[in-house]
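Structure record follows, encoded as structure tokens.
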Amino acid sequence: VQKQVKARIETHLAAIADKAKAAGVKVAALRHVEHDHPWRAIVDTAKEIGASIIVMSSHGRRGLSALVIGSETHKVLTHTDIPVLVCR
């Protein structure tokens, strides 16, 4: 099953890279990274590849659910000096 999941991820990443390139967007690296803390994987990978920006989405949770669930986007924002574009 894990092999199938990785194959689907690679297929999706290739499609994203093709669309970005067709739109004139330079794509330096698209990769799948597994980590216990997704925010840490995002920050570390962005630094490793020399990213000029990190683009993320946000569910916009508020109140108790935001405290209990936490926000990967918020953690990235507070743990990197790379500009972060948050889309909602």
Just by modelled atom types, is the Ile42 backbone N or O under 3.5 Å from a matching donor or acceptor in the Thr45 side chain?
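Side chain of Thr45 to backbone of Ile42, a donor-acceptor pair under 3.5 Å: no, none is there.
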Spell out, as yes or no, whether a donor-acceptor pair under 3.5 Å connects the side chain of His37 to the backbone of Trp39.
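No: the side chain of His37 does not pair with the backbone of Trp39.
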Answer with yes or no whether the hydrophobic clustering places [X] together with [Y]; edges join I, L, V, M, F, W, Y residues whose side-chain heavy atoms lie under 4.5 Å apart.
X: Val33; Y: Val76; value: no
X: Val5; Y: Ile16; value: yes
X: Ile54; Y: Ile49; value: no

Interatomic distance, [X] atom [atom1] to [Y] atom [atom2] [nearest 0.5 angstrom]:
X: Lys6; Y: Glu34; atom1: NZ; atom2: CD; result: 5.5 Å
X: Glu10; Y: Arg8; atom1: CD; atom2: CZ; result: 13.0 Å
X: His79; Y: Arg40; atom1: NE2; atom2: CZ; result: 6.5 Å
X: Leu77; Y: Glu72; atom1: CG; atom2: CD; result: 11.5 Å

On a heavy-atom basis, which atom in [X] and which in [Y] lie closest, and how many Å separate them?
X: Pro83; Y: Ser52; answer: CD-O, 3.5 Å
X: Val27; Y: Ala20; answer: CG2-CB, 3.4 Å
X: Ile82; Y: Ala51; answer: CG2-O, 3.8 Å

